[in-house]
Structures are given as C-alpha cells and as structure tokens.
Amino acid sequence: MKNPVDDAYDKALKLLVLREHTRSELERKLNDKGYAGLAVQAALDRLEKEGSLDDRRFAEVFIRSRLKKNPEGRFLLAMRLEQKGCRKDAYQEILDEVFNSGEYVPYLKPAVEKSLRIRGKEKTLSAFIQKGFKASMIESLIDGDDISQD
C-alpha cells in the first residue's frame, strides 16, 4: 500500500498531465478527493521542487491562451488568475512582459476587426472596454492605426 504522500503526489501528477494547474487549484482538488492536508502539502512541495508544478508557468500558459482565444485586458486577466489561486508574483511579470511589449496586439487586432464586421463600431468599442482595454486603443484599431501598448 502506498503512503499518503505518494498517493496524493500520483493523483496531482495525473491532474497536471491533463493541464497546468496552480498550487491552490491542486490543493483544493486533492482536499476534495479526501487526501490529508499534510500529505497534500508534502506532495505539492515535491512537485514544485521537481518543476512539475509552477504557478508562473501556469500564468504564462493561461494568459497566452486567453489572448489567443478571447483577448482580455490586463486587469481582467489578473482577476481571473487571482480567482484560480495564482500567486500575484507569479503572474505580474508575465502580464508586464505581454502588455509592455505589445505582444497582445496581434491577437487583439483580428478580434476587434471581426467584432467590427459583426457588431459595428459602437458595440465593438463597448465590448472591448468591458474586456478591460482602453477606448483610445480600440478606437485606434478601428481606425486602422497601429498600437503598441495598453
């Protein structure tokens, strides 16, 4: 019979194979499955030490995935990461990198153009403001201007 730490470790590893998780998410899932608190902490510590569990990597994958699928502004992405239990220090640097470099623009531009064709200017502007982008930025994209920073 496996010891409780190894059992919790194996379950967490299986969850990580499916997709990246935050430490907080894995902790909640393992606790919900009935694993003991100390065994969960030891298993998660081991996964972090091995590099299998990394909130920073989770944030990077999450941010880039959200931008590709459905671009959202910096504040909204930060809020979603907080909800997932991602540590602020783990995601802040990624957000800085993506938004200060303008890396998000190639994802935002086609989304704005598509929305413009379907909804028109006013509804597109409103929709992207609700997603956390500045009105001036969206207006620039609508007018066909290049932008580089949020």
Side-chain angles (χ1 to χ4, degrees), residues 1-116 118-119 124-138 140-141 146-150:
M1 184 172 165
K2 284 186 186 178
N3 74 43
V5 174
D6 288 342
D7 202 23
Y9 172 88
D10 289 345
K11 180 61 179 174
L13 201 53
K14 286 178 183 174
L15 291 168
L16 284 168
V17 166
L18 299 174
R19 71 166 177 86
E20 293 285 345
H21 286 73
T22 63
R23 181 181 176 109
S24 178
E25 284 179 315
L26 280 181
E27 183 176 1
R28 181 186 44 77
K29 287 181 179 187
L30 293 173
N31 286 332
D32 289 351
K33 295 275 185 197
Y35 292 96
L38 291 176
V40 168
Q41 294 307 313
L44 297 179
D45 289 345
R46 182 173 157 197
L47 287 164
E48 282 182 332
K49 186 177 179 182
E50 294 171 353
S52 298
L53 176 61
D54 183 350
D55 274 12
R56 187 183 192 290
R57 187 175 59 234
F58 172 87
E60 188 167 3
V61 169
F62 181 85
I63 290 167
R64 289 192 166 90
S65 172
R66 293 295 297 190
L67 286 173
K68 287 176 186 174
K69 187 187 297 185
N70 185 14
E72 295 174 323
R74 180 187 193 113
F75 178 77
L76 206 51
L77 288 169
M79 186 182 73
R80 292 191 192 289
L81 286 161
E82 287 283 334
Q83 289 170 342
K84 293 199 167 279
C86 192
R87 293 182 342 268
K88 187 173 185 171
D89 67 309
Y91 68 76
Q92 198 63 51
E93 187 179 327
I94 307 296
L95 286 173
D96 289 344
E97 181 182 307
V98 167
F99 282 90
N100 292 341
S101 71
E103 182 181 332
Y104 67 97
V105 175
Y107 304 112
L108 179 60
K109 192 172 184 172
V112 168
E113 289 169 351
K114 179 180 178 183
S115 178
L116 195 55
I118 296 169
R119 298 180 178 143
T124 293
L125 186 58
S126 177
F128 282 91
I129 289 171
Q130 287 179 337
K131 289 181 176 197
F133 293 101
K134 293 178 184 175
S136 60
M137 175 190 308
I138 302 306
S140 291
L141 284 174
D146 283 334
I147 59 169
S148 62
Q149 291 191 3
D150 185 14

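- Around atom CD1 of I129, more than 12 heavy atoms belonging to other residues, nucleotides or ligands sit under 6.0 Å away.
- For the residue pair F99 and E72, the shortest heavy atom distance occurs at CZ-O, 3.6 Å.
- Remark: F58 pairs with F62 by the ring pair (Phe, Tyr, Trp, His ring centres under 6.0 Å) rule, at least two apart or across chains.
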Inset, instruction - Test R56 against D54 for salt bridge (charged side-chain N to carboxylate O under 4.0 Å, His left out), laying out the working first. - result: CA-CA 5 Å; R56 187 183 192 290; D54 183 350; over 6 Å; no
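- Once rounded to the nearest 0.5 Å, the distance linking CG of L95 with CG of N100 reads 9.5 Å.
- With S140 contributing its side chain and S136 its backbone, the two residues share a donor-acceptor pair below 3.5 Å.
- When side chains are defined from C-beta on, I63 does not count as touching R74, because their heavy atoms never get closer than 4.5 Å.
- Here the side chains of L67 and L77 are in contact, with some heavy-atom distance below 4.5 Å.
- Counting heavy atoms of neighbouring residues, nucleotides and ligands inside a 6.0 Å radius, atom CZ of R19 exceeds 12 of them.
- Within the 4.5 Å cutoff, side-chain heavy atoms of R23 are placed close to those of D45.
- Of the inter-residue distances, the one linking E97 atom CD with E60 atom CD reads 6.5 Å to the nearest 0.5 angstrom.
- Remark: K84 does not engage E20 in a salt bridge, criterion side-chain N to carboxylate O under 4.0 Å.
- The two residues H21 and D55 come nearest to each other via the heavy atoms O-OD1, 4.4 Å.
- Closest of all the heavy-atom pairs between Y35 and D7 is CE2-OD2, 3.5 Å.
- For the pair A59 and L81, the tightest heavy-atom approach, listed with the atom from each and the gap, is CA-CD2, 4.0 Å.
- The structure places OG1 of T22 at 12.0 Å from CD of Q83, a figure rounded to the nearest 0.5 Å.
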Legend entry - Full working for side chain to side chain contact (heavy atoms under 4.5 Å, CB included) between L30 and L44: CA-CA 10 Å; L30 293 173; L44 297 179; 4.2 Å; yes
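- Residues R46 and D6 meet the side-chain proximity criterion, which asks for heavy atoms closer than 4.5 Å.
- For the pair D96 and Q92, the minimum side-chain heavy-atom distance is below 4.5 Å.
- Applying the side-chain contact (heavy atoms from CB on, under 4.5 Å) test to E113 and every residue at least two apart in sequence or in another chain returns K109, R117.
- The aromatic rings of F133 and F128 lie tilted to each other, with the angle between the two planes from 30° to 60°.
- Counting heavy atoms from C-beta on, the side chains of L108 and I138 come closer than 4.5 Å.
- Here the straight-line distance linking atom OG of S115 with atom CG of L141 works out to 11.5 Å at 0.5 Å rounding.
- Within the 4.5 Å cutoff, side-chain heavy atoms of L16 are placed close to those of L26.
- Between E25 and L15, every side-chain heavy-atom pair lies at or beyond the 4.5 Å cut-off.
- The distance from atom CE of M79 to atom CD of E82, rounded to the nearest 0.5 Å, is 10.5 Å.
- Applying the 6.0 Å contact sphere to CD of E93 captures no more than 12 heavy atoms from other residues, nucleotides or ligands.
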